[in-house]
A.B. asks: 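Sharing a structure, written as structure tokens. Questions coming.
Model, not experiment: these values are computed from the prediction. All values below were derived from every heavy atom in this structure, side-chain atoms included, with hydrogens, water molecules and symmetry-related copies excluded.
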Amino acid sequence: MDSQHEEEQLKRAIEVSRLDTRMVLDNDDEEARFEEDIKRAIEESKKTAQMSAAAPVHNVEPTSSSASAASAFLSQRAQDERARLERLKRRRPDIDPGVSQAVDDSDEEIQEILPRGAKRQHISSASRDGARRANAYISASSSNPAPTPSTSRAAGQRPNVSAANEGSGLFWDGDASLKAILPNWIRTTPFLRNGFGCMHMKFMLLFYKTGRLRVIVSTANLVEYDWRDIENSVWVQDIPKRPEPITSPANTEDFAAAMVRVLHALNVAPALVNHLNTDHPNLPLKRLEHLRSHWDFSRVKAALVPSLAGKHEGWPKVILTGHTRLMKAVMDMGAATPEGKELVLECQGSSIGNYSTMWMNEFYKCARGESPQKWLEMTKARRSKTPYPPVKILYPTAQYVRESVLGEAGGGTMFCRRKQWEGANFPRNLFHQSRSKRGRVLMHSKMILGTFQDKQGTLDSRQRASTTPSDSGGSEREDGDDDGDKEPLVGWLYVGSHNFTPSAWGTLSGSGFSPVLNINNYELGIVLPLRNQEEIDRLVCWERPPPKYAAGRDEPWIQTESAVFVEDA
């Protein structure tokens, strides 16, 4: 697309965007400023059109750092607006009859990807002052804390960074793509069936001059708001480089192999080749497969659990992604629910899905570390009548949001719909309050805590993991040290980008012999084994036990019913 045509489309799109009252700016002044930004972005894009739009990836030429910085900001604003308008076309076919609607109520995560400058970013100055006082409220789970990075972009150097964070969410035609957008930056997009779904992963791979690799799996997007104003969680571990590469075949179940699959799915391989063949021949990573052969992941005790959008058929493929990958991870780390015990799930997130008893039981069986093969062999009618399993869904109440540091203005990343909540078979009785242990802040974290308990009892704050292997019924596993000590597990913890939704984790169909897993989103997280109550208390970010919603009094936060998020007529 040439720059003139792109400009005309963008101007027309800006006009069309005014028809959407749900995703516009707070007032006329801010809208005018936003449109001025767009106009400046168009002018900047003309200057760099050959580099950023028309030129093939391998012909990218660097520009000055100051021009790059200005162009980065302005062109990003233009890209964000175009992405938003594409989403609008899909959500509002009445605005553009030529575009079919591609978003339905099951795709909760699409809502989370409002463009920068949209409602979630507009917070009063008083609220921002309160937010700054809450800056410390970012929880972190770190396996091996490491020193300050040896390279720094602020220092004018080029750190070798490979990162993925959720982008525009909906890719326009669904095809994988590769495009140079700025000097030293290549944007890749993964394949999405019918152009529908969400790239929701948040992770980074940081390569240091010393040779070590830092792996970061986060719940936060790479935007200031997520790191400053709301609470998120991060898992970090440093991986040493091997003295010599190994040549043994890859284990498809290990962390490194799973990460390589993720990078291939995200279309990173051709971007890496392009960098190596042009301006960056000395990158520490020459091929994605070298992650496993050149770095030593042996001390990583977490399991990587991705969701890869698409249709996955047959057990060999099905167990590599989604909630069936969670099942395999739980089994492999010895965290399957012991016989005679019950698994209780506490599922905390920022988006609510369209739940059914069939999907909830499907997920629950996988979370137990139990193959859903027999479940799929049951008739659909029988599966649909199964009672809901012992699952607690943690989501903030409207009152909690109003009383939080940022008030209602800070609720722009929490999503539940009135239509969901009032559905005839919606499991309202499973909802529990989501309250941060760090005070009156909203949590954008996504965690699932699975704990084992006696079927006739409950696991609460009084029950400690002081039992011995003989009476605990728990699985045993090495504790990660080299002393060989073992102790029973009391459960497991998931941390990552997955909200507790079918769009994120996938939905099973087919038969027990030939399963099919359909997933809408690209997601990424890790699972850690838990050995005692102290680990639970240290790692979980919410107050426990979570209070149950009071019937007739507590209601979930519904953003679209807040005056803050509704434009004045």
Side-chain angles (χ1 to χ4, degrees), residues 106 252-253 258 303 305-308 310-347 353-393 425 427 430 448-456 459 472-477 488-494 498 500-520 523 525 527 529:
S106 67
T252 59
E253 306 299 330
V305 178
S307 280
L308 304 178
K311 183 178 182 180
H312 310 273
E313 301 181 75
W315 285 115
K317 293 183 179 179
V318 163
I319 63 172
L320 297 178
T321 183
H323 58 50
T324 40
R325 173 63 180 176
L326 173 65
M327 170 202 72
K328 191 64 167 58
V330 167
M331 292 174 61
D332 289 347
M333 67 175 53
T337 304
E339 186 176 353
K341 294 282 185 176
E342 181 179 65
L343 176 70
V344 173
L345 295 179
E346 297 178 23
C347 304
N354 287 337
Y355 303 124
S356 67
T357 181
M358 190 160 64
W359 182 81
M360 197 86 80
N361 277 282
E362 171 187 314
F363 182 92
Y364 183 75
K365 287 186 179 296
C366 288
R368 284 180 55 88
E370 177 182 321
S371 172
Q373 182 173 357
K374 292 183 179 179
W375 169 256
L376 289 174
E377 291 172 354
M378 296 168 55
T379 66
K380 189 173 181 179
R382 183 180 173 189
R383 281 182 279 158
S384 65
K385 296 178 182 178
T386 307
Y388 277 104
V391 173
K392 299 177 182 180
I393 302 172
N425 299 313
L430 300 183
I448 298 178
L449 172 66
T451 53
F452 311 139
Q453 63 181 234
D454 293 332
K455 289 187 177 180
Q456 68 274 18
L459 179 69
S472 68
S475 304
E476 293 186 356
R477 179 178 171 86
L489 299 182
V490 299
W492 51 264
L493 179 69
Y494 166 86
H498 292 76
F500 184 56
T501 68
S503 294
W505 287 102
T507 302
L508 276 172
S509 60
S511 66
F513 179 76
S514 182
V516 176
L517 180 66
N518 282 284
I519 302 178
N520 287 343
E523 310 275 2
V527 175

A.B. asks: Looking only at heavy atoms, what is the nearest atom pair of Thr337 and Glu342, with distance?
C.D. replies: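 Residues Thr337 and Glu342, closest heavy atoms: CG2-C, 4.1 Å.
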A.B. asks: Describe, in one word, how the ring planes of Tyr355 and Trp359 are oriented to each other, choosing from parallel (under 30°), tilted (30 to 60°) and perpendicular (over 60°).
C.D. replies: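 Parallel, since the angle between the ring planes stays under 30°.
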A.B. asks: Going by side chain to side chain contact (heavy atoms under 4.5 Å, CB included), Trp505 matches just one of Ile519, Leu326, Thr321, Thr324. Which one?
C.D. replies: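 Only match with Trp505 under side chain to side chain contact (heavy atoms under 4.5 Å, CB included): Leu326.
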A.B. asks: Output the distance between atom CG (Leu430) and atom CE (Met360), rounded to the nearest 0.5 Å.
C.D. replies: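 The CE atom of Met360 is 5.5 Å from CG of Leu430, to the nearest 0.5 Å.
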A.B. asks: Please check if the side chain of Glu362 supplies one atom and the backbone of Leu508 the other of a donor-acceptor pair under 3.5 Å.
C.D. replies: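 Confirmed, Glu362 side chain pairs with Leu508 backbone.
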A.B. asks: Supply the atom-to-atom distance Ile448 CD1 to Trp492 CH2, rounded to the nearest 0.5 angstrom.
C.D. replies: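 These two atoms lie 5.5 Å from each other.
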A.B. asks: For Ala258 versus Arg325, what's the shortest heavy-atom pair and its separation?
C.D. replies: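 Smallest interatomic distance, heavy atoms only, reads CB-NH2, 4.0 Å.
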A.B. asks: How far does NZ of Lys341 sit from CG of Asp454, to the nearest 0.5 angstrom?
C.D. replies: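 So the NZ of Lys341 and the CG of Asp454 are separated by 4.0 Å.
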A.B. asks: Show the nearest heavy-atom pair for residues Arg383 and Thr357, with the distance to one decimal.
C.D. replies: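 That would be O-CG2, 4.4 Å.
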A.B. asks: CG of Asn425 to CG of Asn354: how many Å apart, nearest 0.5 Å?
C.D. replies: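 Reported value, rounded in 0.5 Å steps: 12.0 Å.
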A.B. asks: Are any of the side-chain nitrogens in Glu370 or Lys365 under 4.0 Å away from the carboxylate oxygens of its partner?
C.D. replies: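 Looking at Glu370 and Lys365, the cut-off is met.
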A.B. asks: Which value, rounded to the nearest 0.5 Å, describes the distance between Asn520 atom CG and Thr507 atom OG1?
C.D. replies: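 Reported value, rounded in 0.5 Å steps: 7.5 Å.
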A.B. asks: Could you grab the distance from atom CG of Leu320 to atom NZ of Lys328, nearest 0.5 Å is fine?
C.D. replies: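 Taking CG in Leu320 and NZ in Lys328, the distance rounds to 9.0 Å.
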A.B. asks: Which word best sums up how the rings of Phe500 and Phe363 line up, parallel for under 30°, tilted for 30 to 60°, or perpendicular for over 60°?
C.D. replies: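 Perpendicular.
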A.B. asks: Give the intermediate values and the outcome of side-chain contact (heavy atoms from CB on, under 4.5 Å) for residues Leu517 and His323.
C.D. replies: CA-CA 9 Å; Leu517 180 66; His323 58 50; 4.1 Å; yes
A.B. asks: Do side-chain atoms of Ser307 reach the backbone of Ala504 as a donor and acceptor pair under 3.5 angstrom?
C.D. replies: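 Here the side-chain-to-backbone pair exists.
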A.B. asks: For Ile319 and Met327, which heavy atoms make the closest approach, and how far apart are they?
C.D. replies: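 Heavy-atom minimum between the residues: CG2-CE, 4.0 Å.
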A.B. asks: Between Met358 and Ser384, what is the shortest heavy-atom contact and its length?
C.D. replies: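 Closest approach of Met358 to Ser384, heavy atoms only: SD-N, 4.2 Å.
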A.B. asks: Do Tyr364 side-chain atoms and Leu343 backbone N/O form a donor-acceptor pair below 3.5 Å?
C.D. replies: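 A pair under 3.5 Å: yes.
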A.B. asks: Without swapping roles, check the side chain of Trp315 against the backbone of Gly512 for a donor-acceptor pair under 3.5 Å.
C.D. replies: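 Yes, because the side chain of Trp315 sits within donor-acceptor range (under 3.5 Å) of the backbone of Gly512.
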A.B. asks: Looking at every heavy atom in both Leu376 and Pro515, which two are closest together, and how far apart are they?
C.D. replies: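 Reported closest heavy-atom pair: CD1-CB, 3.8 Å.
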A.B. asks: Applying side-chain hydrogen bond (donor to acceptor under 3.5 Å, both in side chains), which residue pairs with at least one partner in residues 508-519 are found, sequence neighbours left out?
C.D. replies: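 For residues 508-519: Arg193-Asn518.
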